[in-house]
Amino acid sequence: MNRLGAAAAGEDRATIRAEGVVGRGRVNDFAIKLANVNGTGSATANSLIMQAIFRMGVPVSGKNLFPSNIQGLPTWYEIRVNAKGHLARSREYDLMVAMNGQTYAADIAEVSSGGYLLFDDSWALDPGLRRADVTFLGVPLARLCSDRFSSSRERILMKNVAYAGAVAALLALDPEVLAGLLQESYGSRQRLLEANQLALRLGHDYATQNFSCPLPFHLERSNRTDDLILIDGNTATALGALYAGATVAGWYPITPATSVMDNFSHLCARYRREANPEAAPGDPPFSNNYLIVQAEDELAALGVVIGAGWAGARAFTSTSGPGLSLMNELLGLAYYTEIPAVVVDVQRAGPSTGMPTRVQQADILMAAYASHGDTKHLLLFPGDPGECFEFMVAAFDLAERFQTPVMVLSDLDIGMNDWAVPRLSWDDAYQPDRGRVLGPRELEAMPQFHRYDDQDELGVTARTLPGTDSRGAYFARGSGHDRLGGYTENEVSYQEVVDRLLSKHRAAAAHMPRPVIETAAAATLGVITVGSCEPAVKEAIEILAARGTVADYMRIRGFPFAEEVASFMEGHELCFVVELNRDGQLRSLLEIEARAPAQRLRSVLIYGGLPPSAEQVVEQIANQLEA
Amino acid sequence: MNRLGAAAAGEDRATIRAEGVVGRGRVNDFAIKLANVNGTGSATANSLIMQAIFRMGVPVSGKNLFPSNIQGLPTWYEIRVNAKGHLARSREYDLMVAMNGQTYAADIAEVSSGGYLLFDDSWALDPGLRRADVTFLGVPLARLCSDRFSSSRERILMKNVAYAGAVAALLALDPEVLAGLLQESYGSRQRLLEANQLALRLGHDYATQNFSCPLPFHLERSNRTDDLILIDGNTATALGALYAGATVAGWYPITPATSVMDNFSHLCARYRREANPEAAPGDPPFSNNYLIVQAEDELAALGVVIGAGWAGARAFTSTSGPGLSLMNELLGLAYYTEIPAVVVDVQRAGPSTGMPTRVQQADILMAAYASHGDTKHLLLFPGDPGECFEFMVAAFDLAERFQTPVMVLSDLDIGMNDWAVPRLSWDDAYQPDRGRVLGPRELEAMPQFHRYDDQDELGVTARTLPGTDSRGAYFARGSGHDRLGGYTENEVSYQEVVDRLLSKHRAAAAHMPRPVIETAAAATLGVITVGSCEPAVKEAIEILAARGTVADYMRIRGFPFAEEVASFMEGHELCFVVELNRDGQLRSLLEIEARAPAQRLRSVLIYGGLPPSAEQVVEQIANQLEA
Amino acid sequence: MPSITKPLIPLLPLARNELGLTMQDYQGGMSTLCAGCGHDSITAALIQAFFELSLPPHMIAKLSGIGCSSKTPAYFASRAHGFNSVHGRMATIATGAGAANRELTLVGVSGDGDSLSIGLGNLAHAIRRNVNMAYLIENNGVYGLTKGQFSASADVGSRSRRGDSNLLQPVDPIMLGLSLGATFLARGFSGDKAQLVPILKAAVAHRGFALVDIISPCVQFNDHEGSTKSYRYMRDHELREIETDFIGQHEEIVGSLARDRATAVTMHDGARVQFRTVPEGYDPKDRGQVEAYLRERTGRGEIVTGLLFLDESQQDMHETALTPPNGLAQLPFSKLCPGSAELESFQDGLR
Amino acid sequence: MPSITKPLIPLLPLARNELGLTMQDYQGGMSTLCAGCGHDSITAALIQAFFELSLPPHMIAKLSGIGCSSKTPAYFASRAHGFNSVHGRMATIATGAGAANRELTLVGVSGDGDSLSIGLGNLAHAIRRNVNMAYLIENNGVYGLTKGQFSASADVGSRSRRGDSNLLQPVDPIMLGLSLGATFLARGFSGDKAQLVPILKAAVAHRGFALVDIISPCVQFNDHEGSTKSYRYMRDHELREIETDFIGQHEEIVGSLARDRATAVTMHDGARVQFRTVPEGYDPKDRGQVEAYLRERTGRGEIVTGLLFLDESQQDMHETALTPPNGLAQLPFSKLCPGSAELESFQDGLR
Ligand SMILES: Cc1ncc(C[n+]2csc(CCOP(=O)(O)OP(=O)(O)O)c2C)c(N)n1
Ligand SMILES: Cc1ncc(C[n+]2csc(CCOP(=O)(O)OP(=O)(O)O)c2C)c(N)n1
Ligand code: SF4
Ligand code: SF4
Ligand SMILES: [Mg+2]
Ligand SMILES: [Mg+2]
């Protein structure tokens with residue numbers, strides 16, 4: 001029996017709308033949203049779906065919208081499938097999987113007209129919630145699972161896998177792919193594997209038996225993901241730190257940065273453990289070529305990094321807004337003493353504690369000028385996990401080349417969501433740029449070493465490391481010092497050093513990653529953006545072009561700004577700056593530092609805490625163009 | 001015997017230059033500099049001179065250039081006398097009092113050609129140090145004092161008073177004024193008074209007997225200071241806090257802010273102690289209507305202020321750059337929870353520890369946007385101690401009116417030097433603006449209180465204080481909250497609140513002190529400045545005008561900028577922004593927030609750590625106009 | 001229903017206290033913590049303690065930092081003002097609130113991460129200042145809200161859910177407090193409400209800073225085998241040495257404990273606290289003896305709970321500062337501003 | 001001459017140590033502290049200790065925060081790298097430097113303000129981590145550099161030069177260290193170099209965090225009548241209970257002390273420390289006993305100096321972390337980067 005929109009006995013049958021309404025053959029182009037309760041294990045099921053789509057060769061993105069809570073509050077997962085590769089958040093949901101009674105009403109309201117809603121019809125659904133333009137697909141998930149699983153824990157967990165099975169049937173997910181994924185995950189744990197297989201089958205079979213599967217929008221195998229991997233930015237960041245040769249890390253847990261260090265620690269345990277064949281009995285048979293300090297706070301975390309950088313290790317910390325605020329004083333110290341340090345800021349929604357599980361790009365201005373006094377820092381803005389990997393390596397090179405803190409401004413969307421990105425590559429010829437570090441040989445050859453003397457063309461002076469040679473000894477200090485490193489309160493000697501710091505910052509511009517620029521014939525305006533906004537903005541540009549508004553595109557990737565940034569703005573009478581904050585922080589930085597004429601810049605600001613959608617960008621640009 | 005330029009026996013007599021060179025009758029217009037060793041008691045002697053000039057009715061300023069050290073390092077005091085009231089630092093010294101052997105060479109080099117140098121010729125002066133164009137006046141200070149004082153402590157201290165005596169003779173300081181000052185200072189301590197009188201006489205007599213007194217530049221009684229007082233900004237700030245009704249203060253010692261709280265504590269002990277006639281025996285006979293917490297760090301200091309502000313007290317803290325850096329996180333909390341807080345930042349030279357005893361205005365950008373996330377604060381920029389007093393009262397009113405932190409950005413020059421300013425006045429009709437605070441009566445009259453609801457035309461909502469009424473209870477939180485004060489992660493509810501915060505900030509512009517604007521007929525450019533730069537800039541404008549370059553003047557006094565700020569810039573094709581930092585921070589803020597077209601603004605940056613002189617301003621403006 | 005249901009905190013529905021209020025009047029919003037979280041039991045104990053103390057809700061000021069524990073002020077006393085501040089700084093904010101209005105009953109709720117890692121310095125100095133407040137550490141040995149990292153109170157050898165062992169010495173807030181001159185130190189267990197309620201009442205009544213360390217298992221990240229802050233571990237290792245019964249100023253609350261071998265200590269406001277001291281001659285006022293006793297018991301792996309140390313002789317922050325008996329925030333402006341005449345004469349000295 | 005002259009630190013001009021270096025080789029720049037400042041005497045003791053230990057200057061890393069005390073690293077060992085950091089954070093920076101290169105001899109110099117106020121939390125956690133370093137607190141009970149405010153170590157009743165009395169409980173770094181599981185705790189007096197030098201040597205040799213609290217009078221702001229950190233007060237109240245003599249690994253340094261009633265403790269590197277324990281059976285390894293003893297003596301107003309507590313059994317930060325014996329900063333890049341092949345296979349798991 002094919003039961004489309006089946007509901008529990010006694011309920012009205014949902015109106016079934018002709019396939020034509022949804023559009024026949026909408027293959028590999030739709031969005032679904034899954035509403036759950038957090039702490040109930042739904043994340044596993046949701047990423048199973050997402051990963052299976054990816055393995056089918058279909059471009060896909062998954063966005064986890066979770067609360068700042070451990071158990072019991074609403075959480076959502078959004079999957080966007082788009083053959084053209086537009087993977088920004090879509091706010092049009094073709095299918096809603098509504099597994100949270102608390103949010104039924106809101107979730108049902110969000111389904112696109114003509115879309116579908118899958119719910120657990122083990123319990124009756126309040127008829128008032130029904131919508132005429134939405135197809136309700138009831139699956140008695142709880143009942144199916146209670147019948148087959150005994151422990152309550154298993155029942156809760158397997159219900160998730162069961163809805164994944166139903167979704168698989170509805171979307172035509174390849175069963176082999178799913179089977180393979182389960183096998184990989186639980187291969188060695190037979191009981192668990194069987195339970196998962198069973199639950200998946202329960203959902204799948206119920207759907208095929210009761211609904212006309214697949215739905216009008218569904219999947220077909222493709223090859224668009226063959227050279228891609230699925231990775232979240234925090235894992236990629238950790239991987240970058242590993243490959244860059246970071247040996248010391250200091251950190252303090254904070255959402256959404258925590259998984260940077262979790263991953264770094266796992267990676268190190270895997271790749272940085274060196275066997276010690278000569279270990280005496282009782283001694284550990286290996287040693288760890290890294291040291292991670294879980295610090296007592298963010299001040300300590302950065303202190304550890306600065307100390308390690310001074311002593312010659314590549315060191316980094318990762319944090320989010322509140323932690324960065326606490327790091328202000330020490331960032332100024334590292335700037336003025338010229339000690340390399342890498343700080344990853346996985347941005348979340350502020351101000352203050354704000355929304356810790358929501359995304360913003362709202363630490364830009366603070367990061368650029370962090371600390372009192374005249375300070376300017378180097379910033380890198382990765383746009384996806386692939387760039388997190390790349391930019392971490394660049395960050396260490398820049399920090400040591402320019403002897404200064406480098407902040408990598410990632411965000412929650414990049415950091416904690418899985419993105420489909422090209423496989424990361426590594427050049428084995430890479431050698432870290434340690435910048436100007438003098439060893440005993442160089443010191444011997446010179447009459448006298450002075451820490452802040454003898455600048456190169458970048459304004460960088462040579463440093464030495466403790467523990468190497470007495471002739472290189474110097475006294476690092478955050479107080480006024482002259483070219484020779486001596487304490488000073490003299491205006492001329494003081495200025496000489498801070499002037500060089502400014503020239504060093506200017507010189508760095510040419511060494512930062514260039515912006516990504518994409519031009520179109522006959523473009524009438526420019527759209528500038530940063531970081532995780534890229535997918536939404538690129539899609540928006542396509543939509544605008546289709547409507548006759550052609551725009552060039554630039555994504556900023558570093559501060560100080562590369563030359564191209566100013567020329568792009570000069571080349572456009574009007575530029576929109578799209579960013580995820582209320583105050584137009586990137587725009588401000590462009591005005592101050594790239595001397596962008598204020599009248600040429602307009603802001604597109606999305607700061608509700610969710611990843612941007614193309615529609616939001618289009619709407620704000622269109623409104624301003626009309627106005 | 002009149003011995004001009006007398007040196008110790010055996011030394012060459014200094015060439016004596018005709019009075020005409022210096023200019024006959026240069027009355028009440030000169031500058032002197034006194035070079036000392038710190039920790040030797042010279043400060044008393046130096047301010048004795050300065051205060052005596054002031055009492056003679058002659059406009060005078062004194063700048064203390066002291067090291068970050070307690071004893072033994074060089075320190076200088078500069079006195080500028082100018083009948084027209086130009087009291088910025090002069091870098092042309094007519095008379096140098098060189099009391100520090102370590103800095104003889106540098107000090108001698110700084111005397112204007114045709115000027116004078118007074119030194120202690122108890123010891124021979126290295127003949128190589130002599131300058132032909134400077135008159136050397138040797139006074140055997142140490143010898144004079146050893147002959148008359150027995151303890152070594154007294155000899156050191158009285159040597160200072162002795163040179164003050166010599167200077168008095170050379171400059172024609174009114175002996176009665178001096179006598180009066182000594183009487184007031186030591187009146188009750190007879191021995192000390194006599195010692196000081198003696199020392200003063202020793203120096204004075206030696207000078208009159210050996211040199212042709214007074215020097216060509218000297219003092220004459222006037223009445224230009226009759227309505228003025230001599231006060232430093234930190235005292236005035238403390239007085240402002242006292243008059244504004246601040247009851248709670250949290251602070252952590254830091255140069256140059258420490259004396260704000262020292263003064264506040266003295267003032268409170270004097271004016272806020274209430275007798276308690278009913279005190280039981282053994283109980284204290286009075287109570288203190290204030291509580292000052294010397295906190296363990298600046299985070300705690302601001303925490304105390306926020307807690308007190310939440311609970312309804314007017315509370316403030318004072319700090320300098322490093323402390324402000326540490327306050328970033330909590331400033332964001334106060335901003336987002338909308339709790340009034342007043343923070344005084346007495347700016348010093350950064351970055352990092354920098355030069356703690358030198359001046360800069362380099363915390364402007366950090367203060368404006370302190371904390372991660374989207375934050376914007378209210379800033380007040382006093383230009384002299386008089387405004388410190390006024391603006392402290394304004395700061396509390398603004399903080400409570402707008403329920404937000406207000407930062408008062410003073411600086412070391414204003415805060416720690418004595419300035420001659422008009423007498424402070426107080427309107428006894430003043431009542432503090434507590435802003436919107438609901439008590440039991442109002443709460444009773446309303447159906448339901450919600451903290452962030454019901455905004456007024458300024459975007460401000462009503463608050464309630466703990467300890468007053470259960471119906472006003474609310475839960476303040478730095479995490480995402482909605483209009484009703486409830487926790488939220490919802491984009492719309494979250495935005496509603498942060499949008500209001502932005503509108504509140506905008507609305508505050510009309511309530512900030514207007515800029516000081518002085519226009520001149522036929523002005524071709526504008527000069528914009530802030531804070532302690534005023535005297536140098538105004539003098540510079542006069543010098544430029546004399547050379548044919550006529551400029552209008554604007555001194556910014558608050559952020560967000562009052563309307564006049566943008567119109568001033570619109571009205572001038574070219575504006576110079578004069579500020580004491582390397583990076584043009586005020587200029588940046590004007591570009592971002594007053595939408596000043598970048599091309600119209602040019603920077604005049606003075607950041608060596610010393611108060612600016614008119615010549616520096618003139619030179620930088622002239623250079624840029626020529627270029 | 002397909003959402004998680006929480007056990008409601010059981011209440012005595014009808015009882016009324018001196019103010020005529022019921023337990024309900026001290027309740028707060030619905031907890032969003034994990035089902036079974038120790039913190040919720042502490043919330044229940046606080047509600048009962050407030051009720052039994054007949055505290056006027058509007059005079060309570062509840063404060064916290066950031067963490068699961070720091071969320072709990074939302075779950076009790078919704079008729080009181082509350083302040084969920086930032087991580088580690090609650091002690092400073094409470095100090096300020098107390099400074100402004102000494103009549104408030106300050107109750108701070110914090111976690112072991114909030115208090116012993118990022119907030120350690122500020123906590124230590126609030127102790128030194130003897131700020132008049134009850135300061136609760138809901139101690140679970142982990143950072144709950146950031147998902148289970150070891151906190152500074154994790155015991156040596158304690159294993160995380162992921163399997164790593166903690167190798168660092170724990171910070172024991174009681175030993176720390178003793179070394180810093182704290183005036184009230186108690187330890188409770190979230191699972192032992194009968195003992196906890198009188199401890200909390202005594203903490204509120206104490207004149208000065210009352211530090212209450214409450215072992216509060218995190219069922220999500222620290223309630224497994226190998227944890228030393230689990231329910232299981234506590235049941236096995238808790239040494240309920242020193243029983244506390246709080247006797248209010250107005251009303252004698254008869255505890256369930258035998259009154260022999262009891263030491264009564266009188267609080268500054270006349271209330272009395274009863275200790276049941278198992279060791280002969282245990283003197284909760286002798287810092288050295290308490291320290292030695294605890295060190296010895298801790299060495300044996302025992303967790304001593306109860307009111308462990310008390311010194312009512314020290315002045316609190318306001319007494320040291322000689323402030324007036326009412327809140328500074330309540331002073332009329334006329335008492336604060338010296339007025340124009342004084343300003344004139346002050347300035348006569350500035351010439 | 002009209003400038004202030006300082007007493008030069010007296011040196012034995014000719015003696016050479018094992019490395020052939022003289023005391024001069026461990027000297028630093030000219031002090032800019034006040035004449036008579038206790039800190040300068042500690043500088044002299046450090047120079048002597050380094051000399052006697054024959055430390056290679058380039059292996060010393062000297063660190064400090066901000067304060068008069070924190071300036072002192074500029075006045076010794078100018079052939080060593082130094083880092084004058086920011087107020088209160090030296091412990092964290094030293095932790096990082098040690099993490100990067102465990103072969104460095106880390107010597108931190110701080111003040112009571114730097115360590116016990118703003119830096120208290122960070123100090124406590126460096127103690128917990130047992131970072132391998134000597135950490136000196138030049139303790140004068142005031143903030144010298146900011147002109148004489150009371151610090152957290154000011155004793156109750158101690159009077160400032162301006163005349164106010166401190167009313168807050170002092171933070172005693174030794175008691176604090178005991179409560180936090182510190183592994184080396186000593187107290188010295190800047191005026192007693194004979195005792196201080198061996199303490200400093202033992203602190204440097206200790207495997208782990210060696211906290212040395214050194215009473216160091218501030219002649220400018222805390223050396224008057226009424227101060228409890230003055231030279232005068234120390235001479236009257238110091239109880240030189242536990243004498244320390246450090247015996248180097250290579251060379252036996254014969255101290256001036258009788259060897260009877262001595263307890264020898266062997267440090268991890270084979271060096272031995274001698275205690276002269278006046279109280280019968282004083283065991284510097286028994287935390288509880290040390291605590292009780294100090295509490296009792298402090299109660300009597302006595303200041304016990306000497307090496308007070310030692311535990312060589314605890315692992316230091318690197319041992320806990322199982323790092324290699326040489327500095328991490330010295331590892332070749334080839335040992336750190338897994339290379340492209342591993343990256344490929346790692347990514348096979350990301351599909
Ligand atoms: C400055 C800052 N750093 C880090 C965090 C992230 N954070 C939130 S709660 C928490 C730990 C909470 O642990 P604990 O106080 O023990 O509370 P629990 O959740 O265990 O009850 C951390 C590190 C933060 N909010 N702010
Ligand atoms: C963040 C910050 N706050 C305040 C200061 C100002 N400050 C400099 S030294 C000092 C106190 C130093 O006291 P202590 O550590 O005891 O050293 P001492 O001078 O007594 O040797 C303070 C508060 C600072 N440098 N940085
Ligand atoms: S994570 Fe742990 S501490 Fe947090 S609510 Fe859950 S059980 Fe409680
Ligand atoms: S002020 Fe005190 S601590 Fe500082 S140098 Fe002088 S005597 Fe030493
Ligand atoms: Mg915890
Ligand atoms: Mg000190």
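Just so it is clear, the structure is predicted and the values come from calculations on it, not from any experiment. Protein chains get the first letters and strands the later ones, always in sequence-line order, with residue 1 at the start of each.
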Would you sort out whether D/Arg129 and A/Glu296 count as a salt bridge (charged side-chain N to carboxylate O under 4.0 Å, His left out), showing the intermediate values? CA-CA 11 Å; D/Arg129 262 172 220 119; A/Glu296 60 276 21; 2.8 Å; yes

For chain D, the option from A/Ala246, A/Ala315, A/Gly472, A/Gly478 that forms the most heavy-atom pairs under 4.5 Å: A/Gly472

Chain A heavy atoms under 4.5 Å from D/Phe83: which part of the residue, side chain, backbone, both or neither? both

Can you list the residues of residues 226-238 of chain A that sit under 4.5 Å from chain D, counting heavy atoms only? A/Asp226, A/Leu228, A/Ile229, A/Leu230, A/Ile231, A/Thr235

Between A/Ser470 and D/Arg79 (side chain of the first, backbone of the second, donor and acceptor by atom type, cut-off under 3.5 Å), is there such a pair? yes

On a heavy-atom basis, which atom in D/Pro324 and which in A/Asn288 lie closest, and how many Å separate them? CD-O, 3.1 Å

Just so I know, are the side chains of A/Tyr487 and D/Asn84 near enough to count as touching, which here means a heavy-atom distance under 4.5 Å? no

Could you state the interatomic distance from CZ (A/Arg477) to OG (D/Ser64), rounded to the nearest 0.5 Å? 9.5 Å

Comparing D/Ser340, D/Gly349, D/Ala329 against chain A, the one with the most heavy-atom pairs below 4.5 Å turns out to be D/Ser340

Contact part of D/Gln347 toward chain A, heavy-atom cut-off under 4.5 Å: side chain, backbone, both or neither? both

In terms of heavy-atom pairs under 4.5 Å with chain D, which of A/Ala300, A/Gly312, A/Ala295, A/Gly332 leads? A/Ala300

Filtered by a 4.5 Å non-hydrogen cutoff, the part of residues 106-123 of chain D contacting chain A is D/Gly121, D/Asn122

A/Val305, A/Thr337, A/Thr464: which one forms the most heavy-atom pairs within less than 4.5 Å of chain D? A/Thr464

Rounded to the nearest 0.5 Å, what separation is found between the CG atom of A/Asn289 and the CG atom of D/Leu322? 11.5 Å

Contacting moiety of D/Arg89, where chain A heavy atoms sit under 4.5 Å: side chain

Within a strict 4.5 Å, meaning less than it, do heavy atoms of the D/Leu350 and A/Phe54 side chains meet? no

Side-chain contact test, heavy atoms from C-beta onward, threshold under 4.5 Å: evaluate it for D/Cys337 versus A/Tyr430 and give yes or no. no

Measure distances from D/Leu343 to the heavy atoms of chain A and classify the residue's part below 4.5 Å as side chain, backbone, both or neither. both

Nearest heavy-atom neighbours spanning A/Leu333 and D/Ser85: CD2-CB, 3.9 Å

What part of A/Asp297 gets within 4.5 angstrom of chain D, counting heavy atoms only: side chain, backbone, both, or neither? side chain

Whether A/Tyr243 side chain and D/Gly339 backbone form a donor-acceptor pair below 3.5 Å: yes

Count the heavy-atom pairs under 4.5 Å between each of D/Pro57, D/Ala94, D/Ala97 and chain A, then report the option with the highest count. D/Ala97

Any side-chain heavy-atom pair of D/Thr323 and A/Thr247 under 4.5 Å: no

Examine distances only and state if a side-chain atom of D/Arg351 and a backbone atom of A/Arg55 form a donor-acceptor pair shorter than 3.5 Å. no

Pairwise side-chain contact, D/Asn101 with A/Leu465, heavy-atom cut-off 4.5 Å (strictly under): no

Counting heavy-atom pairs under 4.5 Å to chain A, which of D/Ser78, D/Ala61, D/Ala80 comes out on top? D/Ala80

Contact summary for D/Glu344 and A/Leu424, nearest pair of heavy atoms: OE2-O, 4.0 Å

Heavy-atom distances under 4.5 Å only: say whether D/Pro56 touches chain A with side chain, backbone, both or neither. neither

Quick check: do A/Arg423 and D/Asp348 have side-chain heavy atoms less than 4.5 Å from each other? yes

Under 4.5 Å between any side-chain heavy atoms of D/Thr92 and A/Val293, yes or no? no

Do you know which of D/Thr320, D/Val86, D/Ile66 has the most heavy-atom pairs under 4.5 Å to chain A? D/Val86

CA sep, side-chain torsions, deciding dist, call: A/Thr468, D/His58, side chain to side chain contact (heavy atoms under 4.5 Å, CB included): CA-CA 6 Å; A/Thr468 49; D/His58 74 283; 5.7 Å; no

How many angstroms lie between CZ in A/Arg270 and CD in D/Glu342, if you round to the nearest 0.5 Å? 7.5 Å

With chain D as the partner, which of A/Ser479, A/Gly250, A/Ala244 has the greatest number of non-hydrogen pairs under 4.5 Å? A/Ala244

Distance from A/Arg314 atom CZ to D/Leu328 atom CG, nearest 0.5 Å? 14.5 Å

D/Leu104 versus chain A, heavy atoms under 4.5 Å apart: side chain, backbone, both or neither? side chain

Contact winner vs chain D - A/Pro466, A/Ser287, A/Ala311, heavy-atom pairs under 4.5 Å: A/Pro466

Residue part contacting chain A, namely of D/Leu63, when any heavy atom lies under 4.5 Å: side chain

